[in-house]
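So that the names make sense, note that chain A is the first sequence line, chain B the second, and so on, each numbered from 1.
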Amino acid sequence: MSDIVIYSIITLGAMGAAAAIILFLVAKKFNVVEDPRIDLVEEELPAANCGGCGLPGCRAFAEALVKADDISELKCPVSSSEAMAKISEILGKEIPEPEPLVAVVRCAGTPANRPRNNIYDGTPKCSVASALYTGESNCPYGCLGLGDCVEACRFDAIHMNHETGLPEVTDELCTACNACVVECPRNIIELRKKNKKDRKIYVACINEEKGGVARKSCKVACIGCGKCVKACKFDAITMENNLAYIDPVKCKLCRKCAPECPTNAILEINFPVRKQKAGAQAQE
Amino acid sequence: MDQAKNFTKGFIRENPVFILMLGLCPALGTTTSAFNGMGMGFATMFVVLMSNIVVSLIKNFVPNKVRIPCYIVIIASFVTIVDLVMAGFMPALHEQLGLFIPLIVVNCFVLGRAEAFASKNTLLSSVIDGTGMGLGFTFALTLLGAAREILGSNAIFGLQFIEGDGMLVFILAPGAFIALGYLIALANKLNKQ
Amino acid sequence: MDKLITVSPSPHVYGDDTVKKLMYGVIYALLPAFLVSVYFFGIGALIVTAISVVSCVMFEYLIQKYMMKTEPSVSDGSAAVTGVLLAMNLPTNIPWWIIVIGALVAIGVGKMSFGGLGNNPFNPALVGRVFLFISFPVQMTSWPEPIVSRLQYTDAATGATPLGVIKEGLAAGVPMSRLAEQIPGYLDLFIGHLHGSMGEISALALLAGGIYMIARKIITWHIPVSIFCTVFLFTGILWLINPYDNADPVFHLITGGLVLGAVFMATDYATSPMTPKGMWIYGTGIGVITVAIRVYGAYPEGISFAILIMNSFVPLINKYVKPNRFGEEVKNG
Amino acid sequence: MIHTFPNGGVHPAEDKFAAGSSIKALPVPETVIIPLSQHIGAPAEPLVKKGDKVKTGQLIAKSKGFVSANIHSSVTGTVKKIDNEPDSSGYKRTSVVIETEDDQWEEGIDTGTSIKKNITAGPEDIITRTLDAGIVGLGGATFPSHIKLSVPKGKKAEILIINGVECEPCLTSDHRLMLEKGEELLVGVSLIMKALNVTRALIGIENNKPDAISHLSRLAQDYDGITVKTLKVKYPQGGEKQLIKALINREVPSGGLPIDVGTVVHNVGTAYAVYEAVQKNKPLIERVVTVTGKGVERPSNFLVRIGTPVKTLIEAAGGIPGNTGKIVNGGPMMGKALNNIEVPVNKGTSGILIIPAPEAARKPVVNCVRCAKCVSACPMGLEPHLLMPATEFKKWDLAEEEKILDCMECGSCSYICPSGRPLLDYIRLGKSTVSKIIRSRKQ
Amino acid sequence: MEYIVIVLSAILVNNIVLAQFLGLCPFFGVSSRISTAAGMGGAVLFVMTVAAIVTYLISHYILIPFDLIYLRTITYILVISSLVQMVEIILKKVSPPLYQALGIFLPLMTTNCAILGVAILVIQNEYTLMSGVVFAVAHSIGFTLALVILAGIREQLELVNVPEGMKGNPIILVAAGLLALAFMGFAGIV
């Protein structure tokens, strides 16, 4: 019995020592200088080398983590979220908490406001329709209503309202990831500052045509009359290419501009109902 | 960490087979019947538990550079113990599981637990984690084994409930893949709810 | 103009082909083979086909409606084609519940799990057939006697297929010349008077269907022809080397499911290559594997497995065998 | 032996209803809208302003840059405004709107009908005249023609190919032009040959126009080096690359130009315009437009002043039929559907097609069955079934690898697809995205 | 002839992945791209062959003479893991391109049960060294074949809409199951 124990210990010990020495020598001789953070990150990983992350082994994953600008896409099925948090700490790749933003759809061209003059029968994608022509209305700037933004959203925060034919953003779910902004072929969606109680006030139109032309294709188009610019006390509204724009940073939410707009192109959302002229604000 | 949660996570939420897709080789290779699956599950569970204990005990003495080889040696020792014990006491089951007993050593689930959990947590947590995950693994293997046995030989734990042969294909390799595929789909669905 | 005009990207005209037309074309092409088997196997052929088609269509409908929650598209006829093809691959005395299992596997596992028509990497009917073949080897290999069993569904007198006779005979060391006496004459084999799966018996009727499909441009000739050529060549060489232990190439061509497989199963759109060059590789592969299984393997018949195996290579073939790109080889003449 | 290109192509119903109707000159319209960008390349720069009086044939906008073309007034009258007017896509482009008062031609333009066969101009003169006259490819591509007439350094043109294929179904404008202006056309071809310094020219015509083939063949006997070749009917034989392959069996390499294989391709309409510009000093202010469709009362070929609203043409052909579903600028395979018939005819308008409502609708889209019909229909040897999902799932690497940029947007794949899949819609999208990616990579 | 039997058996009939359930983690983990799958196959070919040789020598010259068969598992895994690490370090220095092509798969080898499994099988089947090498090479070819085929199917599935519930692992397992079903046709071929 003792023989077995002795032999086992000797053999294993000898092999272990041999392996260790060889590895040590080899590692010395063939040393390659690498980003030291890779090792640090690798230490936090489970070293299961299971390939579950889609990359061949934990080291490859660590390298990918070090290389990547945005590590939120890289996931290890074995590691806990604490480990990942620690890794992001090592890499310092946590994006600084930005000012909260929310996506806003700058078009109010419902079928009632913006009559259809043809039927689109192509692939139901805004990008396809936009490359082809102006869309089902005459407004070459307006929302095509085919939902590329809805598809782009990974957080289920944007949905098509089938009555208005326009997308609507659920503010609580919106992470301001910019995906819909990039996807919209007409640049209708904008990320704007998130205000208290999700209040917002903005020009729901990006039509740069001359007033008459814009008005002809859509009842609620901004016609570039400039009344809102005069009404604003904070210089928050600028007029460019026949189009008013409310700077979300300068805007103090005073609501002076909205009643001035002759076409109701300025939308106020989540404000208490106005005492006078309440009927005109049907946007809630 | 909440120990109860720590214990139960292995069943569905972080089930090594259904969710993490670890340890698939024994999960498919040994589950020709519910009993075989369970046997393999318990053997693996023993190794996970023991290696978790040892790793958690020695975690402060092992230099970081050589920790992986150390863990592998620890695991391999327990695997050898299981192998020898099973060969001695349950030769029939040992024969059935065959190659997959020594291969527990390369089951990335076992090493994963040692590295990801036991090397960073207390002894108690590690024991609970090892037991929970081990039971989850056993549960998965038993379930898969049961499904294959029911479909493949009209029996469960060896008890014939319908006369005649079942769908032989479920005892064979293709059935294993297909059955696990649908079980994972089911687990995903349950997990979502 | 009273109505609004339509606007869409070009082109503004479309060809006449629809998936529905193509699928029903396949069903029409299968009719002769079906009629021949009704002639030889009678009531069994009718029952097996009916159960198979109904259960395939039903499973597809139920899965689409209640599991995938999409608009059911069973009217396109693809489920019916799978049903008929599955039936064609079964003996006509097989118990009904086995057919239902086969249909569930074919449609549920083979087709709908991948997202339905066109997404499946393996031919659904063959998935169903091979699944049954491995699961229920006894029931799947007892072939009813042609003509005499016409009025019986199950419990008919059974016999072995010509390929089975040869496989067992050769394994037992009986020379080919003696075995030839135990199998029907070549004319019977060609018309379909033999033991076998419901739809595989009549090479003549199947070829007629194949010619119809090629004429209607439902399939191209490349796959069937490449399979036939490869099988003929391969078995021909074996036969020339050793005529005592190998059946002759004509026998191999007209027996078993070769014609059914080559014309109807291997040409399945979703699971066959996209280019003529790829089709030749695919067909040759099927031919070689079929003969290898028939001659060296454990099973007397190999075309089903061969097609499934080559199905798995199709993504690779499609990836590496591309159509002739215009302007790639500049030959100025 | 009747030639065609070997791989791909489809054969839609030809429906050449207007083939028998001779070219009629349409009266000068009351107002014309002349866009400043009727060609590929930079828009022309206006030379007139609001209130100016212009004469027919007067230069009103000058080409800006190398790839650009001159624009001439097609009527005599007063410039009403220079403003953004919708083009055939509905998007607005700068255009000159002229109210017609009279039809007085600019001095020096020969408006007579006699045929001037005698060529006196040298190669340089021919190119200059083409540039001055604002001639662009009249087959629909609207690429400025003078560029194609000047062979780049280091390259040599051997054969001139004249495209009389008119492979688009329904359209007949080139067919009628070949029948009625054959002599002028051949003089035009000789002029282009002289400009390019080549001795051989092939005119390719599909065999569904036997009258044009025999007419031109007979006339061509008097012209050195010009041969008429009969081609089998197959769409898209009018594509430059396919036509070159069909006629002289040379393949233009991927991303290359016809000149890379020693040829230059011009449309018959362009050849006729070159004749008019050089021999008659007449700028490009009118063209032949087919107005046709199943429900159209009088399918016709009109000689139309550039800038005439499409509506005027349709009315001249009998008005819009009651069951109209779609109005297409161009042929059914590559034409552009209009959402507004006030838009003007421009240099690239070869036809106006009116499609009845039942035929205007697309087929319902079902799963791809991988039937490979699109692969065998693609004249460029691409795999539309692969390019569409590559775009759909945003796999741009795959799309680029599979040569999505070689697609010529002929629409054969969408035409043939039994599943009604909008292959070309996606491929077009993929093309624009992939070329954007390539451009940004180069920077 | 013996070698042909070993080769055909290992590649087609008893395919290491599809029939023996070894090496499933990389089979599912590294089969998303054909190129990656091929790289992994190359790495497996190399490591499996070397591992089979080294473990054979250890078994025959250390374990059997000293009657230490029960140390098999522990010594093999030790040897394989050191071997893999050594090869990785050397490759990284000596041939960075090769390291890029193969080396990145090397860490996966330690926990690839196919490597250890084949090493044990070589001893269990009592092969000679030469047969053992053929066995290891054939098995790695079989592994690569299955891996590349599955990668092809997965690349194709990436371009279609798989139903929500089956997306990801389930459909890959089903595809692998059907692949195994197809490969059953080779039964009895040797």
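Chain C forms the most heavy-atom pairs under 4.5 Å with one residue out of E:V174, E:V162, E:I153, and that residue is E:I153. Of the listed residues E:G165, E:A175, E:A151, the one with more heavy-atom pairs under 4.5 angstrom with chain C than any other is E:A175. Heavy-atom pairs under 4.5 Å with chain C peak, among E:G177, E:G152, E:P163, E:P170, at E:P163.
The distance from atom CD of E:Q156 to atom OG1 of C:T271, rounded to the nearest 0.5 Å, is 9.5 Å. With values rounded to the nearest 0.5 angstrom, C:T70 atom OG1 is found 11.0 Å from E:N161 atom CG.
Listed by sequence position, C:N119, C:P121, C:F122, C:V127, C:V130, C:F131, C:I134 are the residues of residues 118-135 of chain C in contact with chain E, using a 4.5 angstrom heavy-atom cutoff. The interface of residues 303-317 of chain C with chain E, defined by heavy-atom distances below 4.5 Å, comprises C:F305, C:L308, C:I309, C:S312, C:F313, C:P315, C:L316.
Contacts between E:M166 and chain C at a heavy-atom distance below 4.5 Å involve the side chain alone, from C-beta outward. In this structure, the portion of E:L145 lying under 4.5 Å from any heavy atom of chain C is its side chain and not its backbone. At a 4.5 Å heavy-atom cutoff, the contact between E:L181 and chain C is made by backbone and side-chain atoms alike. Within the 4.5 angstrom heavy-atom criterion, only side-chain atoms of E:L157, from C-beta onward, approach chain C. Residue E:V148 touches chain C through both its backbone and its side chain, counting heavy-atom pairs closer than 4.5 Å.
C:F114 has its side chain out of reach of E:V160: every pair of non-hydrogen atoms, C-beta onward, lies at least 4.5 Å apart.
Atom CE of C:M176 has more than 12 heavy atoms from other residues, nucleotides or ligands within 6.0 Å. Around atom CH2 of C:W280, more than 12 heavy atoms belonging to other residues, nucleotides or ligands sit under 6.0 Å away. Within a 6.0 Å sphere centred on CD of E:Q124, other residues, nucleotides and ligands contribute more than 12 heavy atoms. In E:Y3, the OH atom is crowded: over 12 heavy atoms of neighbouring residues, nucleotides or ligands sit closer than 6.0 Å.
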